[in-house]
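Reading through the C-alpha cells given below for one structure.
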Amino acid sequence: MPARIAPLLLAWYDRHARELPWRGIRDPYRTWVSETMLQQTRVETVIGYYGRFLQRFPTVADLAAAPEDDVLKMWEGLGYYSRARNLHKGAKQVMADFGGAIPAAVEELRKISGVGPYTAGAIASIAYDQPVPAVDGNVIRVVSRLRGIRENVGIPSVRRLLEGEAAALVPAERPGDFNQAMMDLGATVCTPGTPACEKCPLQTLCDAFAAGDAEELPLLPRKNPPKVIDYGVCLIFSGSRVLMRQRTEAMLKGLWVFPMAEGKHTLRQLPAVVKKLTKLPVCDVQPAGEAKHVFTHQVWQMQLYTMRVPEAAEAPAGYRFVTIDEMDALAIPTAVKAAVQAVKTYTRVK
Ligand code: SF4
C-alpha cells in the first residue's frame, strides 16, 4: 500500500501546492534558510523574513562573513534565536569544512551546526533529489493517521517506527516534491484537531479515516505548562540614553534587553534591587506599565519601571548606555518590545 500513496499525493500536490518563495528553486542554501525559519513558525510570518534575509545574505559565504549581531538583527522578531546563531555557525562550518558547498548526503549535512534530521532530509531531498524523508510535526501527524500508529509518539521506539514508515513512503522519483506535499497536506488538510478528510487525496488508503479516530491521532506526550516568572524591567535613563545588556544566557543569547530583576517589587524596594543588579544608584522610580510574553516553556510577566541615574554614571560591566537610534539598531527580542515603546514614550515626554 505505501507504493500507492506517492502517486496520489504528488498528483494532488501538482494541483494544490502552496506558492511559496522557496519553492521551485534548487538551492540547498535557500532550502536550509527556509526550513530553519519554518521550524515552530508560521509560513505567513516566514515569507517576509526569508526575502529580507536572503537580500542581506544572498549566499552561504555572505552569511558566514557577517557579524553575529547583523544576523540576529535580521532575525529580530522571528523568535527561537538559537536557530539564527546555529545557521550562522553552520554557514562558517560549510565554508571551513566543505569548501563553501553545502553537502548532499544526510550524514554530512548532520555534521553542520543546527542541521537536525528534519532539515537534513529537507535539504537532501528538495535540493539534491535524495529519496530520504523529512519528518517534522506535520509529517508525524499525517503518518500516524495514515498508517494507524496509536501509541505515544514521544516514546523513542514508536518514533523510530514512525520514521521508518515515513521513509518507506518516499518515492525514488520527485522525493523533494513528495516531502513538500506531505508538509502541505499536514498544513492544509490533515490538520491538528479535525482534519478535512473529505478533501484528502489519501482518504481511501488512510487507516485512521477507516477507523474514525483521526481526531485523536497522533498520541502526543503530555506537555508541562510553561513556568510563569515575574520580572521588574528596569528602564534606567542617564540623560536621554537608556541602559541595555546583551544577554549571555542560553535563552535569547546575543539579544539586547533591559536590566530585569526577577520577582515582584514595590517602588520603594526597587532602588536597592537595581543597585544589587547593576551597582547603579537610581532615583525617581516610576511605574511604566506592564507586559506579558509567552515562550514555549516560560511566561514572562513584566512590570515596567522608568528610573534615572546621574548623566556621569558609567555603565557597569556587561551593560551599555544607548541612545534611541542606537537601541533601534540592536537586535531586541519581541518579549521586551513593550519596554522599547515605554523607553520611547519616556524620552518623548522628558
Ligand atoms: Fe489525514 Fe484524513 Fe487524509 Fe487520513 S484521510 S491522511 S486523517 S486528512
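Numbering starts at 1 and runs along the sequence shown. Both counts, for ligands and for their atoms, begin at 1 and track the order of listing. Scope of the values below: all heavy atoms of this structure, side chains included, with no hydrogens, waters or symmetry mates.
Residue P271 comes nearest to V282 through the heavy atom pair CA-CG2, 3.8 Å, listed as atom of the first residue, atom of the second, then distance. C190 approaches P195 most closely through the heavy-atom pair CA-CB, 3.9 Å.
Taking a 6.0 Å sphere around NZ of K279, one finds it holds 12 or fewer heavy atoms contributed by other residues, nucleotides or ligands. Counting heavy atoms of neighbouring residues, nucleotides and ligands inside a 6.0 Å radius, atom CD of Q298 exceeds 12 of them.
Between Y231 and W300, the two ring planes are perpendicular [angle over 60°; tilted spans 30° to 60°].
Annotation: protein N, O or S atoms under 2.8 Å of atom 1 (Fe) of ligand 1 (waters excluded) comprise C190 SG.
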Side chains of residues 98-111: which donor-acceptor partners sit under 3.5 Å, not counting sequence neighbours?
{"unit_1": "E108", "atom_1": "OE2", "unit_2": "K111", "atom_2": "NZ", "d": "2.8"}
{"unit_1": "R110", "atom_1": "NE", "unit_2": "V115", "atom_2": "O", "d": "3.3"}

